Amino acid sequence: MSRRDTMSDGGSTEAAERLSAFWERVVGAERPRLQVLRDPRALVRAVRDVRALPVLEAALSGRPEGRLLAADLSRRTALGLRLSSTGVCVLEVPEVPADYSLGRSRQTLRRKVRAAAKAGVGWREVTDEDEQAALARRLDDHLPQKRDRRYRQVDSDHSHMVGSGLWAVAEDAEGTPLVLSVTPHDGRWAQLRLFIALGDGPQHSDARYLLTQAVVETLSARGVRHLFDGRSPHELTNGLRHFQRMLGFTVVRVRLSRAEVSAEVRSLPAPRAEGPPARHADLERVG
């Protein structure tokens with residue numbers, strides 16, 4: 001896989017940081033669209049920063065999961081532009097699984113993982129499709145009761161995700177599911193398509209970190225090197241943006257290999273009309 005820029009490039013890093021700060025101001029404003037109009041110079045700078053972002057090349061196969069990832073990277077965002085060109089939140093997955101938790105920037109991750117483990121929280125991969133279907137139903141039953149109304153959904157149906165990608169669940173000492181994740185992957189790329197806590201307590205918060213670590217390490221062992229969230233930075237709440245930064249996500253552009261983006265991908269049916277938290281990753285505000 002080739003890349004036009006490196007993630008460690010100083011100018012690209014500064015552009016990504018400025019872009020995140022720009023969207024944090026806009027999203028946090030009482031009237032986001034008016035906020036953009038009030039400061040056209042900041043908007044021009046944001047456009048320049050998007051163009052300065054590093055570009056990663058994604059060579060995806062014609063297999064179902066490759067087509068799924070390609071379709072999401074090619075979708076039109078709330079700005080009417082393709083996700084791949086407006087900025088994708090990507091986590092660089094290390095070659096050595098344990099390396100993900102190293103370093104000063106992962107102090108919070110390590111502390112939360114220790115707290116979860118001390119409380120008896122564990123995780124496991126779910127390969128049985130009947131159990132996946134049962135977990136999807138449990139999720140759909142929980143969503144209308146979410147404490148944060150931004151993540152509530154009524155009449156959601158996640159059964160279409162059964163059989164797709166890496167399913168993983170974090171559980172308490174009694175085996176009660178706390179957090180559910182679904183991560184389809186193809187070659188060196190994976191998408192955090194679903195990542196939702198099945199409750200709102202402190203243990204659920206710690207379990208999110210534990211499951212994040214487990215999923216990243218599992219993907220690393222499978223040869224994945226890039227994990228992306230299917231929402232553009234302007235589609236994230238500021239709480240999710242903060243959480244992603246702590247986990248190591250940064251903003252890049254993605255270029256799909258032309259040989260792989262064929263009529264087969266373009267002919268895929270339109271994504272289901274679900275709200276962003278269910279359609280993509282639900283990385284909730286850390287409390």
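What you see is a predicted model; the values in this text were computed from it and never measured. When a residue number appears, it is its place in the shown sequence, counting from 1.
You'll find the side chain of Arg188 stays beyond 4.5 Å of the side chain of Val224, heavy atoms only. Contact annotation: the side chain of Val251 approaches that of Leu53 to within less than 4.5 Å [non-hydrogen atoms, C-beta and beyond]. At least one side-chain heavy atom of Thr218 sits less than 4.5 Å from a side-chain heavy atom of Leu166. Put simply, the side chain of Phe228 does not reach to within 4.5 Å of the side chain of Leu192, judged on heavy atoms. When side chains are defined from C-beta on, Leu256 counts as touching Leu60, because their heavy atoms get closer than 4.5 Å. Here the side chains of Leu211 and Val169 are not in contact, with every heavy-atom distance at 4.5 Å or above. Counting only heavy atoms from C-beta outward, the side chains of Trp189 and Leu56 approach each other to under 4.5 Å. Taking 4.5 Å as the limit, every side-chain heavy atom of Glu171 sits out of range of all side-chain heavy atoms of Leu178.
A cation-pi contact, defined as under 6.0 Å to the ring centre and within 45° of the axis, links Arg208 to Phe243.
Within 6.0 Å of atom CZ in Arg76, more than 12 heavy atoms from other residues, nucleotides or ligands are found, so the atom counts as buried in its surroundings. More than 12 heavy atoms of other shown residues, nucleotides or ligands fall within 6.0 angstrom of atom CZ in Arg110. Around the CG atom of Asp128, the shell of radius 6.0 Å holds more than 12 heavy atoms that belong to other residues, nucleotides or ligands.
In plain terms, the two heavy atoms of Val121 and Ala170 that are nearest each other are CG1-CB, 4.4 Å. Shown here for Trp167 and Met161, the closest heavy-atom pair between the two residues is NE1-O, 3.2 Å. Val254 and Ala58 get closest at one heavy-atom pair: CG1-CB, 3.8 Å. Scanning all heavy atoms of the two residues, the minimum distance from Glu65 to Ser164 falls at OE2-C, 3.5 Å.
Between the CD atom of Gln153 and the CG atom of Asp157 there is a distance of 11.0 Å, given to the nearest 0.5 Å. With values rounded to the nearest 0.5 angstrom, Asp206 atom CG is found 8.0 Å from Arg111 atom CZ. With rounding to the nearest 0.5 Å, the separation of CG in Leu91 from CG in Leu219 is 9.0 Å. Rounding to the nearest 0.5 Å places OG1 of Thr108 at 12.5 Å from CZ of Arg245. Taking OG1 of Thr212 as the reference point, atom CD of Glu217 lies at 11.0 Å (rounded to 0.5 Å). The structure places CE of Met246 at 9.5 Å from CG of Leu109, a figure rounded to the nearest 0.5 Å.
Listed by chain and residue number, nothing satisfies the salt bridge (Lys or Arg N to Asp or Glu O under 4.0 Å) test with Asp172 (two or more places apart in sequence, or in another chain).
A donor-acceptor pair under 3.5 Å is formed between the side chain of Asp140 and the backbone N or O of His158. In this structure, Arg82 contributes its side chain and Ser74 its backbone to a donor-acceptor pair below 3.5 Å. Put simply, the side chain of Gln191 never gets that close to the backbone of Pro184: no donor and acceptor are under 3.5 Å apart. A donor-acceptor contact shorter than 3.5 Å is absent between the side chain of Glu131 and the backbone of Thr127. Judged purely by atom type and a 3.5 angstrom limit, Arg75 uses its side chain to pair as donor or acceptor with the backbone of Gly230. Formation of a donor-acceptor pair under 3.5 Å by the Trp123 side chain with backbone atoms of Val179 is not found in this model.
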Give the C-alpha distance, both sets of side-chain angles, the deciding distance and a yes or no for side chain to side chain contact (heavy atoms under 4.5 Å, CB included) between Val252 and Val55.
CA-CA 6 Å; Val252 303; Val55 178; over 6 Å; no
Candidate pair Val88 and Leu73, rule side chain to side chain contact (heavy atoms under 4.5 Å, CB included), full reasoning:
CA-CA 8 Å; Val88 183; Leu73 286 168; 4.2 Å; yes
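Note on Arg225 versus Glu57: no salt bridge recorded, every NZ/NE/NH1/NH2 to OD/OE distance being 4.0 Å or above. A salt bridge links Arg193 with Asp72: the closest approach of a Lys/Arg side-chain nitrogen to an acidic carboxylate oxygen falls below 4.0 angstrom.
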Report, one line per pair, each donor and acceptor closer than 3.5 Å where one atom sits in a side chain of residues 93-100; sequence neighbours left out.
unit_1: Tyr100; atom_1: OH; unit_2: Leu247; atom_2: O; d: 2.8

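With hydrogens and angles left out, the side-chain atoms of Glu92 and His226 include a donor and acceptor closer than 3.5 Å.
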